[in-house]
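Taking it in order: structure first as structure tokens, then the write-up.
By convention in this document, chain letters (A, B, ...) are assigned in the order of the sequence lines, proteins followed by strands, and residues within each chain are numbered from 1.
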Number of protein chains: 2
Amino acid sequence: MATGRTHRPATRSRGIPEATVARLPLYLRALTALSERSVPTVSSEELAAAAGVNSAKLRKDFSYLGSYGTRGVGYDVEYLVYQISRELGLTQDWPVVIVGIGNLGAALANYGGFASRGFRVAALIDADPAMAGKPVAGMPVQHTDDLEKIIEENGVSIGVIATPAGAAQQVSERLIAAGVTSILNFAPTVLSVPEGVDVRKVDLSIELQILAFHEQRKAGEGSGGAGADVDADTEPGADAAAGAAPVAAVEPPAGRAAAAAAAARKGGPEGDVPAVMPA
Amino acid sequence: MATGRTHRPATRSRGIPEATVARLPLYLRALTALSERSVPTVSSEELAAAAGVNSAKLRKDFSYLGSYGTRGVGYDVEYLVYQISRELGLTQDWPVVIVGIGNLGAALANYGGFASRGFRVAALIDADPAMAGKPVAGMPVQHTDDLEKIIEENGVSIGVIATPAGAAQQVSERLIAAGVTSILNFAPTVLSVPEGVDVRKVDLSIELQILAFHEQRKAGEGSGGAGADVDADTEPGADAAAGAAPVAAVEPPAGRAAAAAAAARKGGPEGDVPAVMPA
DNA sequence: CACTGTGAACACTTTCACAGCT
DNA sequence: AGCTGTGAAAGTGTTCACAGTG
């Protein structure tokens, strides 16, 4: 148990590390695939490979759930599927609402994996009156005016926000006031929410920017100010140059005034990073 | 990602921690907003609040980039925008291709923030011949047959996969063979790629499952230890919330046979967690 | 004085390596 | 013999608190 920070009740340690929780869905997916192929048992090694992690990590993760394996044999697939599902709360049904039915919202609504795993789309909500009543994914879009009613009547506690950035904060406040306590936010904004409400964020441009950072490292940078590509991110086993990365030279640093000008030029036509979808 | 091997050169390295890299886009977004309001300087405290992190973390993050602030004053907004953009590689143009133009692919193609920040959609690619030529986001969809040609001609090094799960691995292999070295994967599969290729994953059902886990904690389970929640990001506001969360009790554990049966019952109609979009 | 920049403490995560069970 | 489960070590990330500076 290591250093218990404050006093954790010595009961069955219910404290599953966040990093482990984030991997459970991965294991579950791999296990489900095995289950469909009627594979009865897996070793930590096999399952880890399927989930894309290493086996020590997997075993450690499972050890937080309990001792569900059999030494010398491995894990019973069906049993583990059940245990992980239960741990994740997927043995109950979670009604969710999707707010903002643009391209992205529609894509989410059509997402099959939703229904198959304990989640049920209870309603699609959009602010555009022209959308109201239109069927999306076999379900009529409802107007934002009814948001509170919909949340309450369906006992919704998880909301998905797929609105433009400008609307997201307000939508989140209405969702929360109506009883939602978990939000999955696709709008490119930081939501500020009261304690006790969980927010997870999915943000395309952040992901791309992180990729660009690493991509830049791979490309050139052999010499000069920035130093060698220290973080031996990986060996260029397969020649990174193949793709002829863009060569545009980075403008050299300059005095603050000049730099500021350069930065200002970048200001796009749109305001802040705009919303993922237009309506 | 990179198996960090043995000794790290003790040179005061350019090694920016991954966690910091992941936050730079957040800072950049907040700074861009300030820049548009012509705010000349920010303190770490203010900027941190806008980005949803705490100020110590922000200062530490910036310290990896260099000393870009002024003691007693704060940071010059324009200057920081430029420095972070440069660090992230956004001063150059990154052509990207999107493969799989279903609902999600179309949503991504229409995503405005793409273009405004160093990323340019070079092509939309889909396997459906019926899609070929159709305009999406003002751009004709091209057929998968031409994938390699498109990648090479445009010098694309970043690919976005928005295909069904079943196609993702193969698509990634073709992208990589053609020169792509960074992939943003929206398909619910673990991609296996050679060393030197970065993959980032965006997965709706994983995010929902993580939310469900925490949601479940909030609902029942009042007695046990774990009380705190995930991410205490912003300042505590009103504690309100108080939603009526679903109360359905989790089925009690049972003997292995019974549990397995229960688990089996859950097997969804669809195969594995299906793709986000139908292509 | 206000605010940055940073060493040092602390907390969390991953990895190692092996004891222990079947 | 084979594989799980887990302490302990190593590595990463976060927070504290204050020295240093404009």
Tell me if the side-chain of A:Arg71 makes a donor-acceptor pair with the base of D:dT4, cut-off 3.5 Å, by modelled atom types. yes
Would you indicate, yes or no, if D:dT15 has its OP1 or OP2 atom less than 4.0 angstrom from a side-chain nitrogen or oxygen of B:Lys57? yes
For A:Lys60 and B:Arg23, take the nucleotide of DNA chain D holding the closest heavy atom to each; which residue's nucleotide lies nearer the 5' end? A:Lys60
Salt-bridge test for A:Glu36 and A:Arg29: reply yes if a basic N is under 4.0 Å from a carboxylate O, no otherwise. no
Specify the residue among A:Val73 and A:Arg59 whose closest nucleotide of DNA chain C lies further upstream toward the 5′ end. A:Arg59
Would you say D:dG22 has OP1 or OP2 under 4.0 Å from some side-chain N or O of B:Thr70? no
Sugar-phosphate only, base, or nothing, as touched by A:Phe62 at under 4.0 Å among non-hydrogen atoms: nothing
Would a line drawn from the ring center of B:Phe62 to the ring center of B:Tyr68 be shorter than 6.0 Å? no
Please classify the nucleic acid contact of A:Gly74 as base, sugar-phosphate, or nothing, using heavy-atom distances under 4.0 Å. sugar-phosphate
OP1, OP2 of D:dT14 versus side-chain N and O of B:Tyr64: anything below 4.0 Å? no
Under 4.0 angstrom between B:Ser43 side-chain N/O and C:dC3 OP1 or OP2: no
Phosphate contact (C:dT15 OP1 or OP2) by A:Asn54 side-chain N/O below 4.0 Å: yes
